[in-house]
Peer 1: 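Below you will find the structure I want to go over with you.
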Protein chains: 2
Amino acid sequence: MSNSRTGAAAAPRMSSGTTRLRPVLRPVDTAPLPLDSIIEGDCIAALDRLPAESIDLVFADPPYNLQLGGDLQRPDQSMVDAVDDDWDKFESFAAYDAFTRDWLKAVRRVMKPDATLWVIGSYHNIFRVGATLQDLGFWLLNDVVWRKTNPMPNFRGKRFTNAHETLIWAAREQASRYTFNYEALKAGNEDVQVRSDWLIPLCTGGERLKDENGHKAHPTQKPEALLARVLLAASRPGDVVLDPFFGTGTSGAVARKLGRHFVGIERDPGYIAAARARLAAVTPVADAALLMPAEKRSEPRIAFASVVERGLLAPGAVLVDQRGRHKAVVRVDGSLMLGDIAGSIHKIGALVQGLPACNGWTFWHFSDGGALKPIDDLRAVLRKELADAEG
Amino acid sequence: MSNSRTGAAAAPRMSSGTTRLRPVLRPVDTAPLPLDSIIEGDCIAALDRLPAESIDLVFADPPYNLQLGGDLQRPDQSMVDAVDDDWDKFESFAAYDAFTRDWLKAVRRVMKPDATLWVIGSYHNIFRVGATLQDLGFWLLNDVVWRKTNPMPNFRGKRFTNAHETLIWAAREQASRYTFNYEALKAGNEDVQVRSDWLIPLCTGGERLKDENGHKAHPTQKPEALLARVLLAASRPGDVVLDPFFGTGTSGAVARKLGRHFVGIERDPGYIAAARARLAAVTPVADAALLMPAEKRSEPRIAFASVVERGLLAPGAVLVDQRGRHKAVVRVDGSLMLGDIAGSIHKIGALVQGLPACNGWTFWHFSDGGALKPIDDLRAVLRKELADAEG
DNA sequence: CACCAACATGAATCAATTG
DNA sequence: GCAATTGATTCATGTTGGT
C-alpha cells in the first residue's frame with residue numbers, strides 16, 4: 001500500500017505498475033497530472049493528454065441532449081424535414097453512442113487498474129451509457145438511484161413524476177480491487193448497509209450558483225450531498241478525482257472539502273470562472289482523523305497451532321459447536337481430530353456440518369468453567385499479546 | 001373511442017386501423033387472439049402468429065442475463081439459492097442484444113399504435129434493453145424504480161445493497177396517445193402525483209407459489225402489488241395485456257383480478273401448469289376502482305451521515321451527553337470518533353456508558369447557541385423533508 | 001391461544017492470502 | 001499463474017415450533 005492511505009495531505013497514490021489490460025498506446029505528449037486545477041478545452045482531447053493509469057475515481061455527468069444541437073449536431077448541418085423519422089433517430093442515437101464510447105475509452109485509459117467510475121444520467125441517456133460501459137469492459141458494481149425529495153412535478157399529468165436520476169458505479173475491469181468504505185458507510189447509516197437508493201434534495205437555495213443576473217449559473221448543478229456520498233463511499237483521502245464534464249465544479253468542491261485531489265475538464269469559460277470562484281471559497285476539513293474512513297483494522301493472522309503452543313488449549317481438549325451437537329479433539333500440531341480424520345479447524349467444521357466451508361474460529365467452542373466460549377476468544381488473547389509486544 | 005372503455009366485460013378494443021408506422025409484413029397464418037389463455041412455446045414464434053396491432057399493454061419480465069460466477073454463501077454458511085436456470089444464460093452481450101431485439105420487434109408488431117410496454121430488469125440487462133427500445137423507435141415515457149422493502153443484503157460487504165429493480169415504460173412510438181390514469185392514481189395517492197419510485201415488498205409468504213416439495217415454483221416471481229400498479233396506471237378494464245415471458249402468471253392473475261384480458265406466452269410446461277392452477281383460483285373484483293394498492297409505509301430510517309451531508313452538523317463538531325460527561329467528535333462520514341475509535345452514534349454512545357446498547361439520537365447533544373439539544377432534533381428536520389417526499 | 005425464539009429466504013454479476 | 005487455504009460477512013419479513 002502507498003503511504004497516501006495514512007493521511008489526507010499525502011501525495012496521490014500512484015499506479016501499482018501492474019497492467020492487467022493489454023498495453024495501451026499512450027499519446028506522446030502527455031502532461032503531468034495537473035492536480036487541483038481545471039483544464040479548459042475539449043473533454044477527449046484533454047483526457048488524451050493526461051498520463052495513463054493516474055486517476056483513482058471518476059465522476060461524470062455527461063450531456064444527454066440526444067436530439068438537440070450543440071456538440072452532437074450532425075456533421076453536415078443538414079436540415080431534417082421529418083423530426084420523428086426513424087432514420088434520423090438512429091443517426092442521433094448513433095452519434096450519441098459514438099460520443100459516449102469516445103469519452104469512456106479516453107477515461108478508461110487514465111484510470112488506475114483499481115479505479116472506479118460513476119456516471120449520472122436520466123432515462124434519456126443512461127441506458128446507452130450503461131450498455132456502452134459493458135461493451136467496453138467496465139464491470140458494473142451497482143446502479144444507484146438518486147431519489148429527489150423535491151422533484152419538479154409533471155405539469156401535464158401525462159406521466160409519473162420524474163423523481164429520480166440514475167448513477168452507475170463501475171470498476172475499470174472485473175478484476176479490479178476497488179475502494180469501498182463499507183464499515184464507514186454502515187456506521188453512518190444506523191449500523192445498517194447502505195442501499196442502492198439514496199434520498200437527497202435537489203441543489204437549491206444558497207448552494208445553487210447564480211450569475212450576476214441572478215439566473216442559475218448551470219442548468220444541472222448537482223447537490224454537494226450527492227457527491228459527498230459518492231466520494232465517501234468509493235475514495236480515500238489523497239485520492240485523485242477526475243471529472244471530465246466539470247461544469248461549475250461540484251465534484252471539485254466536494255473533493256477539496258473532503259481532502260481529495262481533483263482534476264476537472266470543462267469547455268465553457270463561463271462555467272470555469274464560476275467553478276474557480278467557488279473552489280477558492282471551499283474550506284477543506286482540516287483534521288485528517290475526521291476524513292479517514294472508519295475501518296476495521298486488519299488484524300494479524302493467528303494460526304490455531306499457536307493457540308495450542310501457547311498452552312491456551314491443551315492437546316486432547318474437546319471442542320464442540322455452540323449447541324453441543326458436534327465434537328472434535330485438539331491435537332498437538334493444532335489440527336482437529338474427528339474419529340480418525342484429522343484436519344484444520346475450518347475443514348473439520350465444514351465436514352461435520354456437511355458444508356463446503358466453515359470459519360472454525362467462530363464455529364468451535366471450548367468449555368471455560370462451564371460456559372461455552374468460541375475459540376475466537378483465544379485468538380483475541382494472542383492478538384492482544386502481539387499488539388502489546390509491538391508497542 | 002371504442003365502447004370497451006366503459007366496462008370491464010366489454011370486448012377488447014380493436015385497432016383504430018390507422019397505421020402510423022410503415023406497413024408491417026404480417027405472417028400469413030396468424031391466429032385469432034387467444035384471450036385469457038397461455039400459449040405454450042417459443043416467445044418469438046408465438047408472437048409472430050398473433051394478429052398485428054391487437055394488444056393494449058405489454059408487460060415483459062425477460063431473462064436478466066445475470067452472469068453469476070461461483071456460489072455465494074451467507075454469513076451462516078448456508079447457500080444462496082441463486083438463479084442458475086438455463087433460460088438465463090447467454091453466450092455474450094451480442095447474443096443477449098440479438099435476443100432482446102428479436103422479441104421487442106415481435107412485440108411491437110402486435111401492439112396497437114397507442115399501446116405501451118413495460119419491461120423490468122436489473123443493472124445486468126436493463127441498459128441493453130433500454131437502448132434497444134430506443135433503437136427500435138419506442139418512445140420512453142418513464143423509468144420507474146421498484147424499491148424493495150426487504151431486499152437480500154450484500155453478504156460480503158463489497159457493494160451497496162442491491163435494493164431496487166428498474167422498469168421502463170415506453171409507448172410504441174412518439175405519436176402514441178397512450179393510456180395513463182392520472183387522476184385515479186393521484187386520487188389514490190393522497191392527491192399528489194405518483195412518483196417514479198415505488199416502494200413495494202418482495203413476493204414472499206403465502207403469495208409465493210410453491211411446488212409439491214415446498215420449493216419456490218419460479219425463481220423470480222414478481223409481487224402482485226407491482227403488477228397491479230402497472231395495470232391500474234396504464235390500462236383500462238377490458239384491455240388486452242400481453243406477457244411474452246409469462247412464467248407463473250403474475251401478470252395474468254392481476255389482469256384477471258382487475259377486469260383486463262391477458263395473453264401469456266411461456267415455454268416451460270411446469271410454469272404453465274402452475275400458472276393455470278393459479279389463474280383458476282383468481283376472483284375478479286367486481287369494482288376495479290376499489291383495488292388501488294396502498295404504498296407500503298414504514299417509519300423512515302434517517303442516517304446520521306445525512307445530517308452531516310446536509311450540513312446540519314459540520315465535521316469536527318463535538319457532541320456531548322446531556323450532563324457533559326462524555327464527548328465525541330463528528331466525522332465526515334457520519335461516524336463518531338472517541339479517541340482513535342470510530343463507530344456509529346449508537347455504538348460510541350454504548351461504549352462510553354459501558355452499556356450493550358444505546359440510542360445515539362437521544363443520548364448525544366449538540367450546542368445550539370449555548371443550549372444543549374439532542375441530535376434527534378436534527379433528525380426531525382430531515383424526517384419532515386422525507387415525509388414530503390413520500391407523500 | 002399468546003408469546004417468543006429459532007429458522008428460512010429473496011433476480012447476487014459479493015475475497016484475500018498462502019503455497 | 002493457479003490451486004488450496006483461511007476467514008469475513010446479513011436485513012426484513014414470514015414461518016415453524018416450543019413453552
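In the text below, chain A, chain B and the rest are named by the order of the sequence lines, each starting its count at 1.
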Peer 1: If only side-chain N and O atoms count, and only distance matters, is there a donor-acceptor pair under 3.5 Å linking B:Arg278 with B:Thr250?
Peer 2: yes

Peer 1: Classify A:Leu140 by what it touches in the nucleic acid, base, sugar-phosphate, or nothing, heavy-atom distance under 4.0 Å.
Peer 2: base

Peer 1: Return the value, rounded to whole Å, for the distance between atom CG of B:Asn150 and atom C1' of D:dT15.
Peer 2: 14 Å

Peer 1: If we count only N and O atoms by modelled type, under 3.5 Å, do the side chains of A:Asp143 and B:His164 hold a donor and an acceptor together?
Peer 2: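 Yes, a side-chain donor-acceptor pair sits under 3.5 Å.
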
Peer 1: Who are the side-chain hydrogen bond (donor to acceptor under 3.5 Å, both in side chains) partners of A:Glu183, not counting sequence neighbours?
Peer 2: none

Peer 1: So what does the secondary structure string of DNA chain C come out as, 5' to 3', with Watson-Crick or wobble pairs under 3.5 angstrom, [ ] for crossing and | for pairs with another strand?
Peer 2: .|||||||||....|||||

Peer 1: Pick the nucleotide of DNA chain C nearest each of B:His215 and A:Gln134; which residue has the one closer to the 5' end?
Peer 2: B:His215

Peer 1: Quick check, are the ring centers of A:Trp139 and A:Tyr178 under 6.0 angstrom apart?
Peer 2: no

Peer 1: Specify the glycosidic conformation (syn or anti) of C:dT13, with syn defined as within 90° of 0.
Peer 2: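 Syn for C:dT13; the angle stays within 90° of 0.
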
Peer 1: Give one of base, sugar-phosphate or nothing for B:Pro223, where a contact means two heavy atoms less than 4.0 Å apart.
Peer 2: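 Nothing, no heavy atom under 4.0 Å.
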
Peer 1: How would you list, by chain and number, every residue that makes a side-chain hydrogen bond (donor to acceptor under 3.5 Å, both in side chains) with B:Arg267, sequence neighbours excluded?
Peer 2: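 Not a single residue meets the side-chain hydrogen bond (donor to acceptor under 3.5 Å, both in side chains) criterion with B:Arg267.
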
Peer 1: For B:Tyr271, which residues count as a ring-ring contact (aromatic ring centres under 6.0 Å, His included) partner, sequence neighbours excluded?
Peer 2: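 With neighbours one apart ignored, the set is B:His218.
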
Peer 1: How would you list all residue pairs meeting salt bridge (Lys or Arg N to Asp or Glu O under 4.0 Å) that involve residues 152-165 of chain B, not counting sequence neighbours?
Peer 2: B:Lys148-B:Glu165

Peer 1: Does B:Gly205 reach a base, just sugar-phosphate, or nothing at all? Heavy atoms under 4.0 Å.
Peer 2: sugar-phosphate

Peer 1: Verify the distance criterion only: is there a donor paired with an acceptor across the side chains of B:Tyr123 and A:Asn142 at less than 3.5 Å?
Peer 2: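 Absent: no donor and acceptor within the cut-off.
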
Peer 1: When rounded to the nearest Å, what value does the distance between C1' atoms of D:dG7 and C:dC14 take?
Peer 2: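 Comparing C1' positions in D:dG7 and C:dC14 gives a spacing of 15 Å.
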
Peer 1: Does the protein touch nucleotides 5-10 of chain D at the base, only the backbone, or not at all? Give it as B, S and - per nucleotide, heavy atoms under 4.0 Å.
Peer 2: SSBBBB

Peer 1: Only distances under 3.5 Å count here; give the side-chain donor-acceptor pairs of residues 66-78 of chain B to other protein atoms, sequence neighbours excluded, each with its distance to 0.1 Å.
Peer 2:
unit_1  : atom_1 : unit_2  : atom_2 : d
B:Asp76 : OD1    : B:Ser78 : N      : 3.0
B:Asp76 : OD1    : B:Ser78 : OG     : 2.7

Peer 1: Distance under 4.0 Å to a non-hydrogen atom of chain A counts as contact; along DNA chain C, which nucleotides mark the start and end?
Peer 2: C:dC7 to C:dT17

Peer 1: With a non-hydrogen cut-off below 4.0 angstrom, is B:Gly70 in contact with a base, only sugar-phosphate, or nothing?
Peer 2: base

Peer 1: Just to be sure I understand the rule, does B:Ser122 reach a base, reach only the sugar-phosphate, or reach nothing, if contact means heavy atoms closer than 4.0 Å?
Peer 2: nothing

Peer 1: Salt bridge (Lys or Arg N to Asp or Glu O under 4.0 Å): which pairs involve residues 330-357 of chain A, sequence neighbours left out?
Peer 2: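 Qualifying pairs: A:Arg331-A:Asp333.
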
Peer 1: Of all residues at least two apart in sequence or in a different chain, which pass the salt bridge (Lys or Arg N to Asp or Glu O under 4.0 Å) check with B:Arg208?
Peer 2: none

Peer 1: Only counting residues at least two apart or in another chain, list the ones meeting ring-ring contact (aromatic ring centres under 6.0 Å, His included) with A:Trp198.
Peer 2: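 A:Trp198: ring-ring contact (aromatic ring centres under 6.0 Å, His included) contacts with A:Trp118, B:Phe160.
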
Peer 1: Taking the P atom in each of C:dG10 and D:dT9, what is the distance between them to the nearest angstrom?
Peer 2: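 Roughly 25 Å separates the two P atoms.
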
Peer 1: Using a distance-only test with no angle check, is there a side-chain donor-acceptor pair under 3.5 angstrom linking B:Ser344 and A:Asp191?
Peer 2: yes

Peer 1: Would you mind classifying the nucleic acid contact of B:Asp71 as base, sugar-phosphate or nothing, using non-hydrogen atoms under 4.0 angstrom?
Peer 2: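 Base: the residue B:Asp71, judged by heavy atoms under 4.0 Å, touches a nucleobase.
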
Peer 1: Say you pick atom P in C:dA11 and the same atom in D:dT6; how far apart are they, in whole Å?
Peer 2: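 Those two atoms are separated by 35 Å.
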
Peer 1: Indicate, with a heavy-atom threshold strictly under 4.0 Å, whether B:Asn125 touches base, sugar-phosphate, or nothing.
Peer 2: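 Touches nothing.
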
Peer 1: Do B:Trp87 and B:Tyr64 have ring centroids that are under 6.0 Å from one another?
Peer 2: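 For B:Tyr64 and B:Trp87, the ring centres are not under 6.0 Å apart.
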
Peer 1: Between residues 79-88 of chain B and DNA chain C, which residues have a heavy-atom gap below 4.0 Å?
Peer 2: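 The answer is B:Val80, B:Asp81, B:Ala82, B:Val83, B:Trp87, B:Asp88.
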
